[in-house]
Amino acid sequence: MKICILEGSPRRNGNTAALLEPFCEELLRGGGEVRRIFLHDRDLRPCVACRFCQADWTGFGCSRYDEMQEIFNAIMAADLIVIATPIYSWYCTPPVKAVLDRMMYGMNKFYGESRGPALWAGKAVALLMTCGYEPERGCDLFVEGMERYCKHSELRFLGSYAERHLGYQAGPFMDADKELRAREFAKKSLENV
Ligand SMILES: Cc1cc2nc3c(=O)[nH]c(=O)nc-3n(C[C@H](O)[C@H](O)[C@H](O)COP(=O)(O)O)c2cc1C
């Protein structure tokens with residue numbers, strides 16, 4: 001099974017990356033083939049709503065020449081897409097949002113003269129998040145937004161998993177309980193794809 005992990009934190013060794021370590025280990029143990037893409041290093045510009053992509057029902061068809069085509073290809077090659085992001089202002093970080101917007105149009109050919117296909121229909125999506133508030137109040141809006149995004153895009157929303165950090169002064173983020181929960185979420189995700 002192919003898994004594409006889109007990493008949204010600007011911090012290579014931050015909380016989200018730390019949570020991804022046991023999560024990825026477990027995916028590999030379960031036979032997954034994992035591709036991690038650290039989005040902050042990439043040239044990923046926002047959607048400009050030109051709708052050029054709507055004329056091409058065979059591929060991305062985007063008019064912007066940055067690194068988004070590679071992300072499109074990686075998603076198309078995957079069975080499971082994992083969005084791994086810290087929560088910023090109750091949502092994902094800007095590079096994740098840029099990917100979501102560009103894929104909303106580039107993948108879903110719903111917005112042209114006539115309604116076309118969702119090129120990624122049936123793929124599975126899981127969310128792994130870290131936040132500062134309690135997850136019920138820190139991640140809830142992003143989770144709800146993504147549930148709606150997946151339904152609209154004919155994707156299968158597998159579920160979400162979040163851990164909280166009380167702040168950079170509060171001591172280390174990772175502990176044995178978080179590691180265990182990250183592994184459990186990986187196993188559950190593999191089972192449900
Ligand atoms: C600019 C900024 C905005 C944030 N906004 C939120 C927020 O709205 N809700 C929340 O629970 N945590 C928020 N946080 C806390 C981060 O989500 C949290 O520290 C996270 O674990 C950082 O992950 P990272 O180390 O992988 O970057 C914010 C942090 C920053 C830097």
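Each ligand, and each atom within it, is numbered from 1 in the order the structure gives.
Remark: Lys187 pairs with Glu184 by the salt bridge (charged side-chain N to carboxylate O under 4.0 Å, His left out) rule, at least two apart or across chains.
Looking only at distances, a side-chain donor or acceptor of Gln54 sits under 3.5 Å from a matching main-chain atom of Tyr105. The backbone N or O of Arg45 sits less than 3.5 Å from a side-chain atom of Asp66, completing a donor-acceptor pair. Using a distance-only test at 3.5 Å, with no hydrogens or angles considered, a donor-acceptor pair links the side chain of Lys123 to the main chain of Met76.
The immediate protein surroundings of ligand 1, defined as residues with any heavy atom under 4.0 Å of it, consist of Ser9, Arg11, Gly14, Asn15, Thr16, Pro86, Ile87, Tyr88, Ser89, Trp90, Thr130, Cys131, Gly132, Tyr133, Gly138, Tyr168.
No side-chain N or O of Trp90 forms a donor-acceptor pair with one of Asp140 less than 3.5 Å apart.
Taking each heavy atom of Tyr91 and Leu141 in turn, the nearest pair found is CE1-O, 3.8 Å.
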